[in-house]
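In listed order, ligands and their atoms are each counted from 1.
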Amino acid sequence: MIRPFRSVLYIPAANARAIEKARTLAADAIIFDLEDAVAPDAKADARAALPQALAQDYGRRAKIVRINGMDSVWGEDDARAFASGMAAHADALLIPKVSTGADLDRVAALVPDAPLWAMLETPLAMLNAAEIAAHPRLEGMVMGTNDLAKEIGSRLRPDRLAMLTGIGLCILAARAHGRLILDGVYNAFKDDEGLRAESEQSRDLGFDGKTLIHPAQLATANEVFAPTADEIDLSRRQIEAFEIAQAEGRGVAVVDGRLVENLHVDTARATLAKAEAIAAMAAE
Ligand SMILES: CC(C)(COP(=O)(O)OP(=O)(O)OC[C@H]1O[C@@H](n2cnc3c(N)ncnc32)[C@H](O)[C@@H]1OP(=O)(O)O)[C@@H](O)C(=O)NCCC(=O)NCCSC(=O)C[C@H](O)C(=O)O
Ligand SMILES: [Mg+2]
């Protein structure tokens, strides 16, 4: 069964109330954050408390732990703590500020088994996206659009003009190597219209979902990244028409005046699989 990653909520690992709340929220995945969301003085306590929080029941929600960067004073201890006390109850480890494949090697050596995810949020990461995506331990990639804008020296415009080249390179790299890829966060968590516009752009660019900072953003991401009823209906009709065509010895079908070939049927099957995974999540 595939897993949906429409809505991926960051939760500060130092915020016990928010962690407790996460078990009931409609998020497809949760990122337990030890990095930016946790103040320096709270980092050691947050790291120590996380194993117990991860051991709770979060249903089908994927559990990802974001450690501090390996260039920080906390990164190595976070990675070791993940390997010894968190890996058994987490689905993946997310590493910030990955710029090269060697950055992943460093964490992979400390954490022998868990799937690794990488934050892509530096100009060098954009240029090395293919090398990062090709890393054998990598499962997913997450855009860090705030850090990227800071490093580029660009403005956070609604059309995200300055980062579209980097985003495109990252999506190509992710798809070339079969990795998941999630968009960055939308900071104005009370601006539903802005979130919807950015999420629609994100979906149309090819992201699997959006990372989020507040529960109020979940419903929009879940809706935007889910197949619509029309898309599900079309997928079913495309598959049916193609199977009939094949049985009659034809290699193509026509649905709603449009050509359907085997590649369209692959997309249709992926759409139905995603819809099923979402339905399974909702049924919990
Ligand atoms: C953004 C916030 C600081 C807002 O907090 P607050 O003003 O307290 O929100 P509310 O009063 O509206 O909260 C209402 C209830 O919702 C719960 N809540 C809030 N946020 C979360 C959350 N993320 N997960 C779970 N639950 C949450 C509150 O506890 C309230 O509950 P209740 O008590 O029942 O009423 C805050 O939302 C926040 O801290 N968000 C997360 C920030 C974060 O994780 N930042 C780091 C990730 S983004 C990043 O790092 C950028 C990236 O690297 C890049 O480069 O782009
Ligand atoms: Mg960042």
Side-chain angles (χ1 to χ4, degrees), residues 7-40 42-43 46-47 49-50 53-54 56 58-59 61-72 74-75 78 92-99 103 117-126 129 132 140-158 160 162-164 166-167 170 181-192 194-195 198-199 201-202 207 209-222:
S7 54
V8 179
L9 181 65
Y10 282 101
I11 301 198
N15 186 339
R17 166 77 190 137
I19 290 176
E20 183 59 31
K21 212 176 159 78
R23 298 171 55 195
T24 61
L25 293 172
D28 286 346
I30 299 161
I31 298 175
F32 298 84
D33 188 24
L34 289 165
E35 198 211 14
D36 291 345
V38 179
K43 289 204 190 265
R47 182 200 296 138
L50 205 40
L54 286 165
Q56 306 305 306
Y58 295 83
R61 298 166 190 82
K63 293 180 283 182
I64 300 167
V65 175
R66 183 169 77 167
I67 62 171
N68 287 282
M70 295 302 282
D71 58 348
S72 75
W74 307 284
D78 287 350
L93 170 63
L94 174 61
I95 308 153
K97 307 197 172 61
V98 172
S99 288
D103 291 343
W117 284 52
M119 297 283 313
L120 284 94
E121 48 189 350
T122 64
L124 198 52
M126 304 301 108
I132 295 166
M141 295 155 72
V142 181
M143 299 305 300
T145 41
N146 283 293
D147 271 305
L148 186 58
K150 176 185 154 220
E151 297 295 323
I152 293 174
S154 67
R155 293 191 179 182
L156 285 168
R157 287 172 33 153
R160 301 199 280 179
M163 40 185 103
L164 286 179
I167 284 175
C170 291
I181 183 159
L182 307 176
D183 197 6
V185 298
Y186 187 72
N187 298 333
F189 60 90
K190 294 183 179 167
D191 173 11
D192 291 339
L195 173 67
E198 188 165 291
S199 300
Q201 181 203 41
S202 165
F207 282 110
K210 194 145 177 72
T211 50
L212 308 170
I213 53 168
H214 193 279
Q217 298 181 313
L218 290 166
T220 298
N222 283 339

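Between Tyr186 atom OH and Ile213 atom CD1 the span is 10.5 Å, to the nearest 0.5 Å. Considering CG of Leu34 and CD1 of Ile67, their distance stands at 8.5 Å, rounded to 0.5 Å. Once rounded to the nearest 0.5 Å, the distance linking CD1 of Ile132 with OG of Ser99 reads 6.5 Å. The CG atom of Leu120 sits 6.5 Å away from the CD1 atom of Ile181 when rounded to the nearest 0.5 Å. Asp36 contributes atom CG, which lies 8.0 Å from atom CG of Asn68 (distance to the nearest 0.5 angstrom).
For the pair Leu9/Leu25, a side-chain contact is recorded, criterion being any heavy-atom separation below 4.5 Å from C-beta on. Looking only at side-chain heavy atoms (C-beta outward), Met119 and Val98 stay at 4.5 Å or farther from each other. Looking at heavy atoms from C-beta onward, Pro12 lies out of side-chain contact with Asp33 at the 4.5 angstrom threshold. When side chains are defined from C-beta on, Pro40 counts as touching Trp74, because their heavy atoms get closer than 4.5 Å. A heavy-atom distance below 4.5 Å is found between the side chains of Glu198 and Lys210. In this structure, the side chains of Thr145 and Arg160 come closer than 4.5 Å at one or more pairs of heavy atoms.
The nearest protein heavy atom to atom 11 (O) of ligand 1 is not closer than 4.0 Å. Under the 4.0 Å distance rule, the nearest protein heavy atom to atom 20 (N) of ligand 1 falls inside the cut-off. Note that atom 6 (P) of ligand 1 has no protein non-hydrogen atoms nearby, at separations under 4.0 angstrom.
Residue contact check for ligand 1: Pro215 places a non-hydrogen atom closer than 4.0 Å to it. The shortest heavy-atom distance from Met119 to ligand 1 is under 4.0 Å. Ligand 1 has at least one atom lying under 4.0 Å from a heavy atom of Pro12. Residue contacts with ligand 1: Met143 is excluded, as none of its non-hydrogen atoms falls under 4.0 Å.
Those atoms of ligand 1 with a heavy atom of Asp36 less than 4.0 angstrom away are 50 (O), 53 (O). Distances below 4.0 Å separate heavy atoms of Glu121 from the following atoms of ligand 1: 53 (O), 54 (C), 55 (O). Of all atoms in ligand 1, listed by their number and element, those nearer than 4.0 Å to a heavy atom of Ile11 are 24 (N), 25 (C).
No part of Ile31 comes within 4.0 Å of ligand 1, judged by heavy-atom distances. Neither the backbone nor the side chain of Glu151 has a heavy atom within less than 4.0 Å of ligand 1.
Of the protein's non-hydrogen atoms, His214 NE2, 3.4 Å is the one closest to atom 9 (O) of ligand 1. Protein heavy atom in closest approach to atom 47 (C) of ligand 1: Tyr10 CG, 3.4 Å. The shortest contact between atom 49 (C) of ligand 1 and any protein heavy atom is with Arg66 NH2, 3.8 Å. Of the protein's heavy atoms, Ile213 O, 4.1 Å lies nearest to atom 36 (C) of ligand 1. Taking atom 46 (C) of ligand 1 as the reference point, the nearest protein heavy-atom neighbour is Asp33 OD2, 3.5 Å. The shortest contact between atom 28 (C) of ligand 1 and any protein heavy atom is with Lys21 CD, 4.5 Å. Among protein heavy atoms, the minimum distance from atom 43 (C) of ligand 1 is reached at Ala37 CB, 3.6 Å. The protein heavy-atom contact nearest to atom 4 (C) of ligand 1 is Phe189 CZ, 3.7 Å.
Residue Asp147 has at least one nitrogen or oxygen atom sitting less than 3.5 Å from a nitrogen or oxygen atom of ligand 1, judged on distance alone. Considering both main-chain and side-chain atoms, Arg17 comes within under 3.5 Å of ligand 1 through a nitrogen or oxygen pair. Geometrically, ligand 1 and Asn146 share a nitrogen or oxygen pair separated by less than 3.5 Å.
Ionic pairing of Glu35 and Lys97 is present here: one or more N-O contacts between side-chain nitrogen and carboxylate oxygen are shorter than 4.0 angstrom.
Within the structure, ring-ring contact (aromatic ring centres under 6.0 Å, His included) pairs that include any residue of residues 7-31 do not occur (at least two apart or interchain). Listed by first and then second residue, the side-chain hydrogen bond (donor to acceptor under 3.5 Å, both in side chains) pairs involving residues 211-220 amount to none (not counting sequence neighbours).
Nearest to the Mg ion (ligand 2), among the N, O or S atoms that Asp147 has, is OD2.
At least one N/O/S atom of Glu121, from backbone or side chain, sits under 2.8 Å from the Mg ion (ligand 2).
Screening Ile95, Val38, Ile31 for a side chain to side chain contact (heavy atoms under 4.5 Å, CB included) with Arg66, the sole residue that qualifies is Ile31.
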